[in-house]
Amino acid sequence: MARKTNCVKNGVPYYRTSWTYGKQPNGKPLKKEFYGTCEADANKQKAEFQKIYNSGLNIDIYFQLLAPSMKVWLQTDRMKDSSRERYTSVFNNYVEMSNISQLQIGKINNLTLKAYYRALVKSGKSQSQIEMLNKLLKRFFNYCLEENAIIKNPCAGIRVSSYFRDDVLSVDDDSDLIDDTVPVFDESEVKKIRAALEGNRLKALIYIALGTGARQGELLALRWKDIDMKDKTLRITKTLSKVKIEESYEYIITKPKTKKSVRTVPIPDSVIPVLQDWKIKQTLEKIRSAELYEDNGLVFCTNTGRPVDRRNLLRAHGRILAHAGVEYKKFHAYRHTYATELFNKGVSLKTVSSLLGHSSIKITADIYTFVLEKIKTDEVSKINEMFA
């Protein structure tokens with residue numbers, strides 16, 4: 001039996017029906033057309049549309065396709081330039097050409113996303129990549145909630161870590177994924193690094209990294225006005241971010257992503273003379289560069305006052321470790337070394353979390369679980385002294 005059709009669109013026969021659901025400001029009717037493979041299919045689409053419309057949901061967004069709608073949102077939503085750049089990269093890699101890109105927003109549910117995440121895991125994607133994708137989708141669907149286009153955020157309740165065999169820990173608020181093999185420099189390695197830093201223009205920067213646990217971006221955004229030599233403290237209020245402006249990338253100093261990232265951290269006594277010495281050397285660099293020097297007040301900058309390129313810093317960091325004869329670890333290892341040392345000295349979890357600028361104590365506990373467990377075991381083992 002032939003299918004009943006009543007129109008041809010792009011050379012393909014369809015059954016078309018329509019429904020008028022209101023009027024435009026100019027008085028013209030608001031009409032929605034439905035094209036089905038047969039009359040029953042077209043009527044089914046119309047009935048679904050009528051149901052959503054009558055529920056009060058925003059049909060202008062509900063029936064939009066995910067990828068094109070998210071692309072417009074990324075370009076217009078109010079967010080930091082650095083966040084927009086990062087989210088756009090995630091969108092390009094995991095949404096725009098994915099198998100969920102052409103799904104209608106209102107029809108994407110929790111099971112849809114879980115199935116997609118499982119597929120990504122099987123394809124070899126890391127937890128950090130999927131965590132960032134989930135973060136992007138969650139933010140977009142929150143926008144859809146605010147616009148009354150959906151009833152519930154489909155990302156709610158999803159634990160990306162559950163898709164991995166090992167219980168990998170959550171993402172810190174500076175988007176740095178940490179696992180249960182947190183890299184730290186031991187005491188002998190720190191001594192070797194300090195020896196290798198003699199005469200190196202990065203000496204003060206590495207000392208501050210080890211002595212305050214500040215993030216790389218926070219260190220590179222520090223200004224001399226943020227440091228109080230008398231009180232031996234530094235105030236972290238900014239971070240250095242790389243953003244795309246037109247066709248090129250530039251470094252800009254922005255506010256941290258969370259309120260708790262803004263903090264005051266004590267500077268170890270032994271680091272103060274290193275900072276003072278560096279300030280004198282920087283002043284000499286400023287004199288030598290003369291009119292070429294851009295005085296931005298930065299504590300750590302190039303010899304012409306410009307912000308330090310992160311890639312150059314990481315290369316220099318690698319050379320320092322090689323010169324010291326220390327196995328390579330990421331720059332973030334200085335921060336982990338600082339935190340681990342605080343725990344070993346008996347500093348409370350709450351205080352360490354505050355000094356690190358984590359958004360919650362739970363993040364600190366998750367990242368340093370293995371350290372806290374070891375300390376607990378060592379402390380409890382002291383009870384053996386009762387039976388000695």
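We use all heavy atoms of the structure for the numbers below, so side chains are in, but hydrogens, waters and symmetry mates are not.
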Work out which heavy atom in [X] is nearest to a heavy atom in [Y]; give both atom names and the distance.
{"X": "W278", "Y": "V299", "result": "NE1-O, 2.7 Å"}
{"X": "S261", "Y": "G357", "result": "OG-O, 3.5 Å"}
{"X": "S360", "Y": "S353", "result": "O-OG, 3.5 Å"}
{"X": "L222", "Y": "F300", "result": "CD1-CE1, 4.3 Å"}
{"X": "T302", "Y": "P307", "result": "CG2-O, 3.8 Å"}
{"X": "L298", "Y": "G305", "result": "CD1-O, 4.1 Å"}

Kindly compute the distance separating [atom1] ([X]) from [atom2] ([Y]), expressed to the nearest 0.5 Å.
{"X": "K260", "Y": "S354", "atom1": "NZ", "atom2": "OG", "answer": "8.0 Å"}
{"X": "I320", "Y": "L313", "atom1": "CD1", "atom2": "CG", "answer": "8.0 Å"}
{"X": "E96", "Y": "T88", "atom1": "CD", "atom2": "OG1", "answer": "10.0 Å"}
{"X": "M97", "Y": "F91", "atom1": "CE", "atom2": "CZ", "answer": "10.0 Å"}
{"X": "Y117", "Y": "C155", "atom1": "OH", "atom2": "SG", "answer": "4.5 Å"}
{"X": "R306", "Y": "S289", "atom1": "CZ", "atom2": "OG", "answer": "13.0 Å"}

Residues [X], [Y]: salt bridge by 4.0 Å N-O rule:
{"X": "K232", "Y": "D228", "value": "no"}
{"X": "R84", "Y": "D77", "value": "no"}
{"X": "K80", "Y": "E85", "value": "no"}
{"X": "E341", "Y": "K345", "value": "yes"}
{"X": "E198", "Y": "K203", "value": "yes"}
{"X": "K107", "Y": "E48", "value": "yes"}

Worksheet item: Does K279 make a cation-pi contact with W224, if we ask for NZ or CZ under 6.0 Å from the ring centre and within 45° of the axis?
Response: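 Cation-pi check for K279 and W224: passes.
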Worksheet item: Within 45° of the ring axis of F141 and under 6.0 Å from its six-membered ring centre, is that where the NZ or CZ of K138 lies?
Response: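 Geometry flag: not set, cation outside 6.0 Å or 45°.
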Discussion item. Please report whether the ring centroid of H336 lies less than 6.0 Å from that of F185.
Written reply: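 For F185 and H336, the ring centres are not under 6.0 Å apart.
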Practice prompt. Taking the six-membered ring for Trp and the full ring for Phe, Tyr or His, determine whether the centres of Y35 and Y15 are under 6.0 Å apart.
Written response: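 Ring centroids of Y35 and Y15 are no less than 6.0 Å from each other.
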Measure the shortest side-chain to side-chain distance between [X] and [Y] over non-hydrogen atoms and say whether it is less than 4.5 angstrom.
{"X": "L220", "Y": "L205", "answer": "yes"}
{"X": "P273", "Y": "D269", "answer": "no"}
{"X": "D186", "Y": "V190", "answer": "no"}
{"X": "H358", "Y": "I367", "answer": "yes"}

Discussion item. Set out, in order, the CA-CA distance, both residues' side-chain angles and the distance that settles side-chain hydrogen bond (donor to acceptor under 3.5 Å, both in side chains) for N142 and R139, then state yes or no.
Written reply: CA-CA 5 Å; N142 277 338; R139 181 164 179 167; over 6 Å; no
Item to complete: With side-chain hydrogen bond (donor to acceptor under 3.5 Å, both in side chains) as the test, would you mind laying out the steps for N109 and T112 before giving the verdict?
Response: CA-CA 5 Å; N109 57 35; T112 306; 2.8 Å; yes
Worksheet item: Going through the distances and angles, do T233 and D231 end up as a side-chain hydrogen bond (donor to acceptor under 3.5 Å, both in side chains)?
Response: CA-CA 6 Å; T233 60; D231 290 342; 5.1 Å; no
Worksheet item: Which class fits the ring pair F140 and Y143: parallel under 30°, tilted 30 to 60°, perpendicular over 60°?
Response: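 Ring orientation, 0 to 90° scale: tilted.
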Can you tell me if [X] has over 12 outside heavy atoms packed within less than 6.0 Å of its [atom1]?
{"X": "K71", "atom1": "NZ", "value": "no"}
{"X": "R194", "atom1": "CZ", "value": "no"}
{"X": "I151", "atom1": "CD1", "value": "no"}
{"X": "N10", "atom1": "CG", "value": "no"}

Worksheet item: Do Y62 and Q104 pass the side-chain hydrogen bond (donor to acceptor under 3.5 Å, both in side chains) test, and can you show the C-alpha distance, the side-chain angles, and the key distance before you say yes or no?
Response: CA-CA 7 Å; Y62 183 97; Q104 292 179 342; over 6 Å; no
